[in-house]
Structure formats: structure tokens, C-alpha cells
S.K.: 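Take a look at this one; I'll ask things after.
Just so it is clear, the model here is predicted, and its values are computed rather than measured.
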There are 2 protein chains.
Amino acid sequence: MKKLAVVAFGGNALLRGDQAGTIEEQEQNALDTCERLLTLINRDYNVVLTHGNGPQVGNILLANAAGNQVYNLPEMPLDICVAYSQGFIGYILEQQMRNVLRAHDLDRDVITIITQVLVDRDDPAFDNPIKPIGPYYTKEFADKMTAENGSIFREDPRGRGWRKVVASPKPLVISNQRSIERIARDGQIVIAVGGGGIPAFYVAENKLQGIDAVIDKDLASALLGGNINADKLFILTDIPKVCINYNTPQEKAIDRMSVRQAKQYLAEGHFAEGSMAPKIRAAIHFVKHTSRDAIITSAGLLGVDNGGTRISIV
Amino acid sequence: MKKLAVVAFGGNALLRGDQAGTIEEQEQNALDTCERLLTLINRDYNVVLTHGNGPQVGNILLANAAGNQVYNLPEMPLDICVAYSQGFIGYILEQQMRNVLRAHDLDRDVITIITQVLVDRDDPAFDNPIKPIGPYYTKEFADKMTAENGSIFREDPRGRGWRKVVASPKPLVISNQRSIERIARDGQIVIAVGGGGIPAFYVAENKLQGIDAVIDKDLASALLGGNINADKLFILTDIPKVCINYNTPQEKAIDRMSVRQAKQYLAEGHFAEGSMAPKIRAAIHFVKHTSRDAIITSAGLLGVDNGGTRISIV
């Protein structure tokens, strides 16, 4: 049986901070991203590709706010905007993946699955929303929205205005994970869990409902990888290897670490929150669950021998 | 083996003309739509659910135009907007379908697949774009856009301004149709081919690319139904049965017609273009391809004995 890999790309692999986000730019980035997968595909891996959506959902939120202002369109909540972004990013990744496979005479199919992820209504993250999303507003507007619908706003530390914050609850159940596994093991490249999944919970016995929240895409990918018994989890980032003492004279790149070491480095504060720390936690989750390795590296080193930092059970 | 049905809903089943399109309205409509499927599910059909996206993609185009005006966001072309709408509508249909199944103790899973549809670059429809999309503009703005990117605009017959028109080419290949069939025959309710699919063609040997066009969702659904050898195609509309001499004193509802009769009525102009005529053509396509029946009816009569108009091979 072929090995199965879950590969998690960041949303900025498709829209870099220095780009405006035209469709031509994003398609080219998607093509580059898909070409990075060739090494794994040539090594005969089955692949589930997951991706972030930060820059894209940011633009979708802005467009919705503008549509409300200019054309009085109804506001779309965050879960809907995540669904938009899954359709969008999944589509361009799937299209460029087909182009890459065809250019290399590889006979694999590609499929994009819209993915909801169940979270816990009582997740403590809901008591402390910290993830900023959407446009910057004036304090007056923010106060008005809070009064109207309970949205929580925080002032931007760089003085750009007030911004809505939402919770980032833990992913619990990935919908359609059985299908994702089956289709991937059948040899198709599956694109799923976009943006960490569309967060939803049961507000009543028979009422599943989306919520204004975002799920960490690396954690959702690790959960999926564990549940479908993937042989490897790749978490892609901007740097080739994880470092301790990052950005100091003592900076040291790590080739390999055990779960115990990774936890110790985490506790010692080597990894920045909102950046490397959640990736390390996601890797630990996967390794503990499967006893298999997780690899954190840059897209260019995906599937390359000794590329990146390997996190193992011991 | 269970029977397999393809059921095509209109986009207005989820956003009626008299509604603003808030998410609460659209979720409620999605719930109602999904409840209509219960009769078929209780009759033990496997189901592929397809849907239109007219009103939703209209709002997405407006929001994008506004985002460009207010925040200088890059414009998103129509294929991307269709991808947004597939993510969005698929998500809310899947979620409400899960709620309906759970409320009725039915053990079926639901999966939404983003669907590209290949069209022919040389389809004559591209010489005569007729499908209006997006906002109404002034003549000056329309002329400017035509000069900039070759978009074609037509004046609205009701004087609301100038509107972009795009082609509606014939669907040729539904991507992932093998997976759609397999998953549906495995008992999952599959949501696919949203808005008729995201239209794409090969601009070079290895370069599949999306285009500014829309595909008739009934025709795409009929093509899918034929290709996956569905036992029945249901095309849903606002009226319980197809009528000849519609809206005249001689109006007559049709219970049953052969392909030959349907073609004759079409030729005699009984069915309005942009409304019933494309549904009849889609039904004919399916019946000729499979020798099985297509049924055109309202959602309320879905799966009910003798509900709707049955189109048969003879």
C-alpha cells in the first residue's frame, strides 16, 4: 500500500504579503505550490493537501464590508467567508495541480472537498477571542457593532483602528474524514480542510450551525492526519528548519527532535505564539497520536531527504 | 443496488427574488430545500444534488465591485466568483442536509465537491455572449471596461444601465464525475456542479484555465446524470408541471411526454428561452443518453407519485 501524507500549506503560499492579490498572482503562486508536491508524488505518496486562507479571507471580509456600504448587501458572517475561501483556493489549487500533473504525464486525479470542522461550544477559547479579522474600523463604528450584535473589537497595537476579534477553538471532528481518507488512498490528490475548516457546533440536538471563529489550520491538519492514520505530516512554513534561540546569536537549526524535546523547547519559549508555536503543537499532536513523524520545513524542501525538522516519538 | 437520482435545484430555491439574501434567510431556504429531498431518501434513492447560483453569484460580483471601489481590492473574475458560490451554497446545503438527516434519524453522510466543467474554446456561444451578470454600470464605465479588458456590455432593456454579458457554452466534461458517482452510490448525498460548474478550457496543452462564462446548471446536471448512469433526473422549478400554451386560455399541464413530443413543443415555441426551454433541452439530453425518465416539477412534488411532468424515451 502506498504511503499517505498530509501536507499543510500556509495561506501566504498563495498570496504573499508583498502582493496585491490579483488572480494572476494567486494562480501563479498556486502553480508554484503544486509543483512543490511533485517530489512527494514521484516518491509515490498519496496526498491530502490542506491550506490556510488568512490573506484570502481577509480580502473577502473587506469586499463584503464594502458590498454592504455601497450596495446595501447583507453582511456575510465569517463561516460563510471561510466557505467562499475554500471554494476559491480549492479551485485554483485543483486547477494548477491538474496542470502540473498533466505537464509531467502523471495520471492522478484531484478533488476538492468543502470541509466543516466541529468544535466545542464550551471551548474556553470563546471566552477570550484573540484572532483579528476583517477591516479596521473607528471606535464609534466598533462600539455600534458591539451594541448591535455583540461582536468584540480590539484596538490595533499599530494604531490602524479597531478590528473585530474572534475565537480560535480546538478542532474536534473533521467532517467527511472517512471519504477524504478513502479517496486519497485511492490515489487522488485531495484538497480539504481549507483555512482549518469551517467551524461549526451543535446549538441544539439536531441543529448544526456555523460560528464566527477560525480554526488553526495546522492543528486541524494534524487532527485529520492522526485520524486517517497518515504516514507523515508535513507542515510548511517560510524557513527550512525550526530554530531555537531564533533571531539571536545563539540561533540553532534543529534537524530532529523528540516530542519530549519539542515540549521542553515550547515551555522554554523558543517558539513564537501565532507563528512557530502552533506548528510545533500540531506536530506534537500528530506524532503522539500516530507514533509517526511530522516534518516542519519550507515548501522547497518538501519530500527531500533530510529536509526540514523532523519531530519523532522518541 | 439502490437507484441513483440527480436532483437539480434552482439558485432561487435558496434566495428568493423577494428576499434581501441575509444568511438567516438563505439558511432557512436551504433547510426547506433539504427537507424536500426526504421523500426520495425515504424511497431509498442515492442522491446527487446540484444547484444554481444566480442570485448568490450576483451578490458576490457586487461585493467584489464594491471592494474594488472602496478598498482597491483586485477584481475577481467570474470563474473565481462561481468557486466562491460553490463553497458557500455547498456549505449551507450540506449543513442543513445534515440537520434534516439527524432530525429524522437517517444515517447518511453528506459531501460537497467543488466542480470544474470543461467547455470547448470554439463553442459558438463565445461569439454571442448573452448572459447578463454583475452590477449595472453607466455607459461611460462600460466603454472604459471594454477598452481595458474586452468585456462586452449590453444596455438593460428596462433602463437600469449597462451590464456585462458573458457566454453560456455547452458543458463537455464534468471533473471528478467518477468520484461523484462512486461516493453517491456508496450512499452519501453528494452536492456538486454548483452553478453549472466552474467553466474552464485548455488554453494550451497543459494549461487548464477558468473563463468568464456561465454554464446552464440543468444542462450540466443532465450531462452528469447521463455519464454516471443515473436512474432519474429531477429538474426543479417553480411550477408543478410543464405547460403548453403557458399563460394563455389554452394552457395545459403535461403529465407525460416523449422526447419526440418535447422536441415538437420546443420547436413550436411553447417553452420560454432562459426559463423552461433549457430545462426541456436538459431533460431531452438525459433521456436520450440513458433511456431513463427525467421529471420536471416543483420541489414540493419531488419523489411524489405522478408529481410533475415525466419526459420518457417513447
Side-chain angles (χ1 to χ4, degrees), chain A residues 20-23 25 27 59-60 62-77 79-80 82-92 94-96 98-100 102-103 109-114 116 135 175-176 178-179 183 186 188 191 194 198 200 205-210, chain B residues 20-23 25 27 59-60 62-77 79-80 82-92 94-96 98-100 102-103 109-114 116 135 175-176 178-179 183 186 188 191 194 198 200 205-210:
Chain A
T22 66
I23 193 60
E25 288 167 341
E27 278 179 354
N59 282 356
I60 290 168
L62 286 175
N64 275 331
N68 183 252
Q69 269 174 258
V70 178
Y71 293 110
N72 202 26
L73 294 174
E75 294 266 15
M76 289 290 125
D79 59 323
I80 301 297
V82 175
Y84 278 17
S85 78
Q86 285 192 354
F88 163 38
I89 301 172
Y91 159 59
I92 64 172
E94 176 177 328
Q95 188 167 76
Q96 298 309 325
R98 289 182 187 279
N99 287 336
V100 167
R102 201 169 155 111
D109 213 339
V110 191
I111 187 167
T112 304
I113 295 172
I114 295 296
Q116 291 179 69
S175 16
N176 293 307
R178 200 177 58 105
S179 296
I183 300 167
D186 190 43
Q188 293 189 52
I191 300 166
I198 309 169
E205 169 62 19
N206 298 321
K207 191 161 164 50
L208 179 64
Q209 192 173 289
Chain B
T22 65
I23 192 59
E25 287 167 341
E27 278 178 355
N59 282 356
I60 290 168
L62 286 175
N64 276 331
N68 183 252
Q69 267 174 260
V70 177
Y71 294 109
N72 202 26
L73 294 174
E75 294 265 14
M76 289 291 125
D79 59 323
I80 301 296
V82 175
Y84 277 18
S85 78
Q86 285 192 355
F88 163 39
I89 301 172
Y91 160 59
I92 64 171
E94 176 177 328
Q95 187 167 76
Q96 298 310 326
R98 288 181 188 279
N99 287 337
V100 167
R102 201 169 155 111
D109 212 340
V110 191
I111 189 167
T112 304
I113 295 172
I114 295 297
Q116 291 178 68
S175 16
N176 293 307
R178 201 178 57 108
S179 296
I183 300 167
D186 190 42
Q188 292 189 53
I191 300 167
I198 309 170
E205 170 62 19
N206 300 319
K207 193 161 161 54
L208 179 64
Q209 191 172 287

S.K.: How long is the gap from CD on B/Gln96 to CG on A/Leu208, to the nearest 0.5 Å?
M.R.: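 Those atoms lie 8.0 Å apart.
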S.K.: So which of B/Ala20, B/Ser85, B/Ala63, B/Gly67 has the biggest tally of heavy-atom pairs under 4.5 Å with chain A?
M.R.: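 Maximum pair count with chain A is reached by B/Ala63.
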S.K.: Between A/Ile183 and B/Ile183, which heavy-atom pair has the shortest distance, and what is it?
M.R.: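 That would be CD1-CD1, 3.5 Å.
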S.K.: Which one, B/Glu205, B/Gln116, B/Lys207, leads in non-hydrogen pairs under 4.5 Å with chain A?
M.R.: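 Greatest number of close heavy-atom pairs with chain A: B/Gln116.
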S.K.: With respect to chain A, which residue among B/Asn72, B/Asp109, B/Ile111, B/Asn68 yields the maximal number of heavy-atom pairs within a distance under 4.5 Å?
M.R.: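 Among the listed options, the one with the most contacts to chain A is B/Ile111.
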S.K.: Do the non-hydrogen side-chain atoms of A/Gln188 and B/Asn176 ever get within less than 4.5 Å of each other?
M.R.: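 With C-beta onward as the side chain, the pair touches.
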S.K.: What are the two closest heavy atoms between A/Met76 and B/Gly21, and how far apart are they?
M.R.: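 In this case the closest contact between A/Met76 and B/Gly21 is CE-O, 3.5 Å.
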S.K.: Output the option from A/Gly87, A/Pro77, A/Ala65 having the highest count of non-hydrogen pairs under 4.5 Å with chain B.
M.R.: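 So the answer, after comparing A/Gly87, A/Pro77, A/Ala65, is A/Gly87.
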S.K.: Under a 3.5 Å distance rule, please check whether A/Asn206 uses its side chain to pair with a backbone N or O of B/Val100 as donor and acceptor.
M.R.: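 No; judged by distance alone, with no hydrogens or angles, the pair does not exist.
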S.K.: Counting heavy-atom pairs under 4.5 Å to chain B, which of A/Asn59, A/Val70, A/Leu62 comes out on top?
M.R.: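 Result: the option with the highest number of such pairs is A/Leu62.
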S.K.: Could you go step by step and tell me if A/Ile198 and B/Glu94 meet the side-chain contact (heavy atoms from CB on, under 4.5 Å) rule?
M.R.: CA-CA 12 Å; A/Ile198 309 169; B/Glu94 176 177 328; over 6 Å; no
S.K.: Could you give the distance from CD (B/Gln86) to CD (A/Gln86), rounded to the nearest 0.5 Å?
M.R.: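 If we round to the nearest 0.5 Å, B/Gln86:CD and A/Gln86:CD are 12.5 Å apart.
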S.K.: With heavy-atom distances below 4.5 Å as the criterion, would you say the side chains of A/Tyr91 and B/Asp79 are in contact?
M.R.: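 Of all side-chain heavy-atom pairs linking B/Asp79 with A/Tyr91, at least one is under 4.5 Å.
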S.K.: Output the distance between atom CG (A/Leu73) and atom CD1 (B/Ile60), rounded to the nearest 0.5 Å.
M.R.: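 Those atoms lie 10.0 Å apart.
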S.K.: Considering only heavy atoms, which portion of A/Val110 lies under 4.5 Å from any heavy atom of chain B: side chain, backbone, both, or neither?
M.R.: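 Contact with chain B: backbone only.
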S.K.: Identify which of B/Asn64, B/Ile89, B/Ile113, B/Ile191 forms the greatest number of heavy-atom pairs closer than 4.5 Å to chain A.
M.R.: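 So the answer, after comparing B/Asn64, B/Ile89, B/Ile113, B/Ile191, is B/Ile113.
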S.K.: Nearest 0.5 Å, please: how far is CD1 in B/Ile80 from CD1 in A/Ile23?
M.R.: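 Reported to 0.5 Å precision, the distance equals 3.5 Å.
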S.K.: Is any side-chain heavy atom of B/Glu25 closer than 4.5 Å to a side-chain heavy atom of A/Pro74?
M.R.: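 B/Glu25 vs A/Pro74: side chains apart.
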S.K.: Over all heavy atoms of both residues, which pair between B/Gln95 and A/Ala200 is shortest? Give the atoms and the distance, please.
M.R.: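 Distance-wise, the nearest heavy atoms are NE2-CB, 3.8 Å.
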S.K.: Side chain, backbone, both or neither: which part of A/Phe88 has a heavy atom under 4.5 Å from chain B?
M.R.: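 Both parts, backbone and side chain.
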